[in-house]
Visitor: 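Pasting a structure here, questions to come.
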Amino acid sequence: MAKSETSSDTARPWQSYHTVYTNAKAGMDGVDKEKVQRIVYEMSKGSKYFENEERKEAFIRQKIETMRARCAKLTATDISHFQMVAEKRILELEAARNLSRIWLHVDMDAFYAAVETLSNPSLAGKPMAVGTMSMISTANYEARKFGVRAAMPGFIARKLCPELIFVPTDFKKYTYYSDLTRKVFQKYDPNFMAASLDEAYLDVTEVCKEKGVTGEEIAKEIRASVFEETGLTCSAGVAANRLLAKVCSDINKPNGQFVLPNNRMAVVTFISSLPIRKIGGIGKVTEHILRDALGINTCEEMLQKGSYICALFSQSTAEFFLSVGLGLGRTDTPEVRLRKSISNERTFSATGDETLLYRKLEEIAEMLSTDMQKEGLCGRTLTLKLKTAAFELRSRAVTLQKHICTSKDILKHASKLLKAELPISLRLIGLRMSHLNEERDGVPLDPTQKTLTHFMVSGDASGKDVDEQRSFGHEAHDISDYFVNKEKSDSFTGSHETRHTHIDHLDSNHSSELNDDNCTFDSNAAEMETVHNPSSDVTADKVQGTSCLNTVTNGANFLEGEAEAVSSSRQRELFLWVNGYKCSICGTEMPPDFVEERQEHCDFHLAENLQKEESGTEFRSSNPRQRVVCKAQIVSQSQRKKRKSSPKEGRHIPIDLFFVKSNQNF
DNA sequence: GGGGAGTAGAATT
DNA sequence: TTCCAAATTCTACTCCCC
Ligand SMILES: Cc1cn([C@H]2C[C@H](O)[C@@H](COP(=O)(O)OP(=O)(O)OP(=O)(O)O)O2)c(=O)[nH]c1=O
Ligand SMILES: [Mg+2]
């Protein structure tokens, strides 16, 4: 379909290999883009990764063709109809424009790299990247001059810059410095939203008023303060809403700031020529689609092509696009959001060896469980993520009747999921737990199958559950935050009233549903999936029907026979199968094969113990120390959080997408 | 028709 | 010589059940 590029294809094949690095980023000014592109292409060409990228690309192109065809089919009547729809929407959006707030977005410069340079000054001035030969997380500005940048594999970066120095990631350090910056932010907006370790949004409307200063002045002050406290530089953007502030912080990127006045003309002028890709939430694919299907490159074209946008995309997507064209964004300070999932994944050299795969799974389960217990979390839905040797992604999930958090439980269910996929050659295995601690109200989902662990873990039995789990949540934990600030002590952790909301990237997240309403992409997608993955219809039912592991390999069995602490959290009596079949507590005999039964039995004793205890304690925190660490933050957050999150909130309304709360079908 | 579960895919850092 | 991360969130959709 998308031909016509054949000529250029043969001439410069690298030009058609679209990577994420093509998106202009700070520090890439004097870079010979063409050369970088060529090298990246040369290094990638022919690899499994590359081939998978090509498949994805082809799929997108087909999608685009379909959209173009639909556009072509629109009658004059259709178009005028959608034109009216668009105009109406635009008017409504415009009417809701709010220029009364001053938002400031702060983004640390080359964060990880800057931190590493602080702790090892000899790195200063030399091209350096944080990461490994297979992937780098970020690069300092010296390295960027060579075209080296985040999300680029290290071996390619080395090609671009042979003297590039690699430094391994050290999250503890980044978390430590991140907290220092947050202490500063807190002084200017106690409700600031941490978007990641190195980014935050501050509503500085009040401070500006109090101090009688402008946004520009406050930005300078904050940046100076951050530098003073950390020795790190950052950039800031000031604008009437978060979406714009974020765009602005990138403009004078290394150690600079940009202020967009809170007046409509300034905003409209600013936004109109802005490439859509600059907007948070519009990534490589969306950019591609909008450009090739509708000829949209700049934000103002979103308005000009309003009728097509309304004709092709779902209401919510269309609305987001139109609002982008108007330069609108969220101006409110949302509720604190609790973490919704926790996961762990590892890449390894591809293998189809079932024993090896099982080992990996075991390790992941172990690590995930550890992370969960550190945070005092339990989850009901377990998702297995796989990446095949061909880089194709798959995910398989089960939702259980009870919440789990021990590596044993996790592994038990994960094994079933994995087993159903065998044989398979993989390069990545991941596990994610979601539906975290949410049965707090003690309403069992399915009395039939619920095991006693349910009570233990969730605390149903104690009645204090609700408090507990709130207290354990997550507060200021953004993505990487949970690398836990053990030694971090105070700082945020302890600041109860902080409630720095952690937005993530929700500031715009909306994207994906480029799968418009009536479009046929879906069928395409479905077909594709079936073709590529015949076993994809193996769902929970089937999986649950499968007998546990056992056959999966040795691992399955050794797991069973071992002694097992009655509870991962608190070690009361030692529970184990004496001689491999006899319960150490009550003497009941049960053969190793009875995996489920044994589990139930163990759960029973667990609960028994639990009840003996005062029922007011929480189980989720295995480690008292951790608890102390998290306590303050948790408590604070817990209290406000849940409160507001009415079922409505549960609908995941993208922040910047729904600043217009009315007329939504939500 | 609403709601939950499951799967894929896009985006962000 | 090899060689493309990890964590989190959200949306769209499709089944399926009530
Ligand atoms: C973009 C990106 C960032 N990160 C990490 C490393 C970054 O230092 C940190 C912050 O991301 P960014 O703010 O996107 O990048 P940066 O701070 O390194 O550089 P700058 O803002 O000056 O352009 O997040 C990843 O691990 N993977 C990624 O793909
Ligand atoms: Mg940054």
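Sequence lines set the chain letters: A, B, ... in the order given, protein chains first and strands last, and positions in each chain run from 1.
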Visitor: Heavy atoms under 4.0 Å, any strand shown: does A/K387 hit a base, just sugar-phosphate, or nothing?
Guide: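 Sugar-phosphate contact only - A/K387 comes under 4.0 Å of backbone atoms but never of a base.
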Visitor: Which of the following nucleotides, C/dT8, C/dA5, B/dT7, is nearest to the side chain of A/F391?
Guide: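 Side chain of A/F391 sits closest to C/dA5.
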Visitor: So, is the end of the A/R144 side chain (NZ or CZ) under 6.0 Å from the ring centre of A/Y141 and within 45° of the ring's axis?
Guide: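 Satisfied, under 6.0 Å and within 45°.
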Visitor: Check the pair A/S47 / A/E51 against side-chain hydrogen bond (donor to acceptor under 3.5 Å, both in side chains), numbers first and verdict last.
Guide: CA-CA 6 Å; A/S47 68; A/E51 283 166 12; over 6 Å; no
Visitor: Quick one: which of C/dT9, B/dA10, B/dA5 gets closest to the side chain of A/S341?
Guide: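 Closest nucleotide among those given: C/dT9.
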Visitor: Any idea which of C/dC4, C/dT8, C/dT2 is nearest the A/R339 side chain?
Guide: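 Selected nucleotide: C/dT8.
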Visitor: Considering residues at least two apart in sequence or located in another chain, which fulfil the side chain to side chain contact (heavy atoms under 4.5 Å, CB included) criterion with A/A58?
Guide: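 Here the qualifying residues are A/R61.
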Visitor: Which residues satisfy the side chain to side chain contact (heavy atoms under 4.5 Å, CB included) test with A/S137, sequence neighbours excluded?
Guide: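 Expected list: A/Y112, A/T169.
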Visitor: Once side chain to side chain contact (heavy atoms under 4.5 Å, CB included) is applied, do any residues pair with A/S44, and if so which ones, sequence neighbours excluded?
Guide: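 A/S44 satisfies side chain to side chain contact (heavy atoms under 4.5 Å, CB included) with A/Y17, A/V40, A/F50, A/I156 once adjacent residues are dropped.
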Visitor: Can you give me the dot-bracket string for DNA chain C, 5' to 3', counting Watson-Crick and G-U wobble pairs with both distances under 3.5 Å, using [ ] for crossing pairs and | for partners on another strand?
Guide: .....|||||||||||||
Visitor: State which of C/dT8, C/dC4, B/dT13 makes the closest approach to the side chain of A/K246.
Guide: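 The listed nucleotide nearest to A/K246's side chain is B/dT13.
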Visitor: Dump the intermediate steps for side-chain hydrogen bond (donor to acceptor under 3.5 Å, both in side chains) on A/T317 and A/S314, then the final yes or no.
Guide: CA-CA 5 Å; A/T317 305; A/S314 69; 2.9 Å; yes
Visitor: When you compare the side chains of A/R432 and A/S341, does any donor N or O come within less than 3.5 Å of an acceptor on the partner?
Guide: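 Side-chain D/A pair, A/R432 to A/S341: present.
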Visitor: Side chain of A/R427: nearest nucleotide among C/dT9, C/dA5, B/dA10?
Guide: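 Nearest nucleotide to the side chain: C/dA5.
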Visitor: Across the strands shown, which category fits A/E199 at heavy-atom distances under 4.0 angstrom: base, sugar-phosphate, nothing?
Guide: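 A/E199: backbone/sugar contact only, no base atoms under 4.0 Å.
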Visitor: Can you tell which of B/dG6, B/dT7, C/dA6 lies closest to the side chain of A/T347?
Guide: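 Selected nucleotide (nearest to the side chain): C/dA6.
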Visitor: Please give the distance between the C1' atoms of B/dT12 and C/dA5 as a whole number of Å.
Guide: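 It comes out at 14 Å once rounded to the nearest Å.
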Visitor: State which residues pass side chain to side chain contact (heavy atoms under 4.5 Å, CB included) with A/A236; sequence neighbours excluded, sorted by chain then number.
Guide: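 Partners of A/A236 under the side chain to side chain contact (heavy atoms under 4.5 Å, CB included) test: A/L104, A/A219, A/R223, A/Q257.
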Visitor: Within the 3.5 Å criterion, strictly below it, is a donor on A/D109 or A/T233 matched to an acceptor on the partner's side chain?
Guide: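 Distance-only check passes for A/D109 and A/T233.
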Visitor: Identify which nucleotide among C/dA5, C/dC4, B/dA11 has an atom closest to any side-chain atom of A/A151, counting heavy atoms from C-beta outward.
Guide: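 Of all the options, the side chain of A/A151 is nearest to C/dA5.
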Visitor: So what does A/I364 touch, heavy atoms closer than 4.0 Å: a base, only the sugar-phosphate, or nothing?
Guide: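 If one applies the 4.0 Å heavy-atom cut-off, A/I364 turns out to touch nothing in the nucleic acid.
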Visitor: Output the residues of residues 129-139 of chain A in contact with DNA chain C, where contact means a heavy atom of the residue under 4.0 Å from an atom of the strand; sort by number or write none.
Guide: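 Within this stretch, A/S134, A/M135 sit under 4.0 Å of the strand.
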